[in-house]
Amino acid sequence: MRARLVSLVAVGLALPAAAQPVATDGDTLKLNGTTYRLFGIDAAEARQWCGDYPAGAIASGTLASLIEGHEVVCEPKTRDRYGRLVAVCRADGQDLGKAMVRLGAALAFTRYSADYLADEEAARSEGLGVHGRGCQAPWDYRAQQRK
């Protein structure tokens, strides 16, 4: 019996630990080797500023803080044009897209979904994050950068 217990403990120790997710920007994360684009939101680009407000860096930092030390589970919905899985991801059950929009760290990406529109309206009425600084929408910022 003891030998079997030692074997089970050894097997348990040999199993790889679940990888910690990593925020690659404000609306994308990597988990277990897979890149996920958060469904229904669009966050400021990494180098995007709104006046003196570093919107892109704050968005990335916000997502990183929401996932750090939490169990993240992603439910894929589709793939984007870059091959990333577009997914609803949750940290300990909390919808990350909803949290990002509600905290003012991202916009509801209504071109693809209206799921977070009420959260954006609430954040806008409170002047939170990008909603209180007159920031250019990330999709407009990207279009301008391509020109």
Query raised in the report: How far apart are the C-alpha atoms of Thr34 and Asn32, what are their side-chain angles, what is the distance that settles it, and do they pass the side chain to side chain donor-acceptor pair (under 3.5 Å) test?
Result: CA-CA 6 Å; Thr34 301; Asn32 297 323; over 6 Å; no

Report task. Please report the C-alpha distance between Gln136 and Gln144 in whole Å, then the side-chain angles of each, then the deciding distance to 0.1 Å, and finally whether the side-chain contact (heavy atoms from CB on, under 4.5 Å) criterion is met. Result -> CA-CA 10 Å; Gln136 184 177 33; Gln144 184 180 37; 3.3 Å; yes

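With a 4.5 Å cut-off on side-chain heavy atoms, Gln20 and Leu31 do not count as touching. For the pair Leu38 and Leu29, the minimum side-chain heavy-atom distance is below 4.5 Å. You'll find the side chain of Asp27 stays beyond 4.5 Å of the side chain of Met100, heavy atoms only. The side-chain heavy atoms of Lys77 and Val88, taken from C-beta on, include a pair separated by under 4.5 Å. With a 4.5 Å cut-off on side-chain heavy atoms, Leu66 and Leu103 count as touching.
Placement of Leu63 and Val72 within a single hydrophobic cluster is found when ILVMFWY residues are connected by side-chain heavy-atom separations under 4.5 Å, directly or transitively. A single hydrophobic cluster is seen to contain both Leu85 and Ile67, as judged by linkage of ILVMFWY side chains at heavy-atom distances under 4.5 Å, directly or through other members. Under the 4.5 Å side-chain heavy-atom criterion for grouping Ile, Leu, Val, Met, Phe, Trp and Tyr, Leu117 is not connected to Leu128 through any hydrophobic cluster.
Within the structure, every pair that satisfies the disulfide bond (SG atoms under 2.5 Å apart) test and touches residues 55-90, not counting sequence neighbours, is listed here: Cys74-Cys89. Note on residues 59-69: no pairs pass side-chain hydrogen bond (donor to acceptor under 3.5 Å, both in side chains), not counting sequence neighbours. Contacts classified as salt bridge (charged side-chain N to carboxylate O under 4.0 Å, His left out) and involving residues 96-106 (residues at least two apart or in different chains) are given here: Lys98-Asp119, Arg102-Glu126. Within the structure, every pair that satisfies the salt bridge (charged side-chain N to carboxylate O under 4.0 Å, His left out) test and touches residues 127-147, not counting sequence neighbours, is listed here: Asp42-Arg142, Glu45-Arg142.
Residues satisfying the side chain to side chain donor-acceptor pair (under 3.5 Å) criterion with Glu121, sequence neighbours excluded, are absent altogether. Every residue meeting the salt bridge (Lys or Arg N to Asp or Glu O under 4.0 Å) condition with Glu75, not counting sequence neighbours, appears here in chain and number order: Arg90. Residues meeting the ring-ring contact (aromatic ring centres under 6.0 Å, His included) test with Phe109, sequence neighbours left out: Tyr112, Trp139. A search for ring-ring contact (aromatic ring centres under 6.0 Å, His included) contacts involving Trp49 returns nothing, not counting sequence neighbours. For Thr35, the side chain to side chain contact (heavy atoms under 4.5 Å, CB included) partners at least two apart in sequence or on another chain are Thr28, Lys30, Arg84. Partners of Thr78 by side chain to side chain donor-acceptor pair (under 3.5 Å), not counting sequence neighbours: none found. Residues that satisfy the side chain to side chain donor-acceptor pair (under 3.5 Å) test with Gln48, not counting sequence neighbours, are absent from this structure. With sequence neighbours excluded, the residues forming a side chain to side chain donor-acceptor pair (under 3.5 Å) with Tyr116 are Asp95, listed by chain and number.
For Gly129 against Tyr53, the heavy-atom pair with the smallest separation is CA-OH, 3.5 Å. Residues Ala23 and Ala64 approach most closely at CB-N, 3.7 Å, considering heavy atoms. The minimum heavy-atom distance linking Val101 with His131 is given by the pair O-NE2, 3.7 Å. Nearest heavy-atom pair, Gly104 versus Ala123, reported as atom, atom and distance to 0.1 Å: N-CB, 4.3 Å. Among all heavy-atom pairs drawn from Gly40 and Ser113, the shortest one is CA-CB, 4.1 Å. The two atoms that bring Ala59 and Ala43 nearest to each other are CB-CB, 3.9 Å, heavy atoms only.
In this structure, the side chain of Glu120 engages the main chain of Ala108 through a donor-acceptor pair within 3.5 Å. Under the 3.5 Å distance criterion, the side-chain polar atoms of Ser125 are matched with a main-chain donor or acceptor of Ala122. In this structure, Arg37 contributes its side chain and Ile41 its backbone to a donor-acceptor pair below 3.5 Å.
By the neighbour-count criterion of 12 heavy atoms within 6.0 Å, atom CD of Gln94 is densely surrounded, having more than that number from other residues, nucleotides or ligands.
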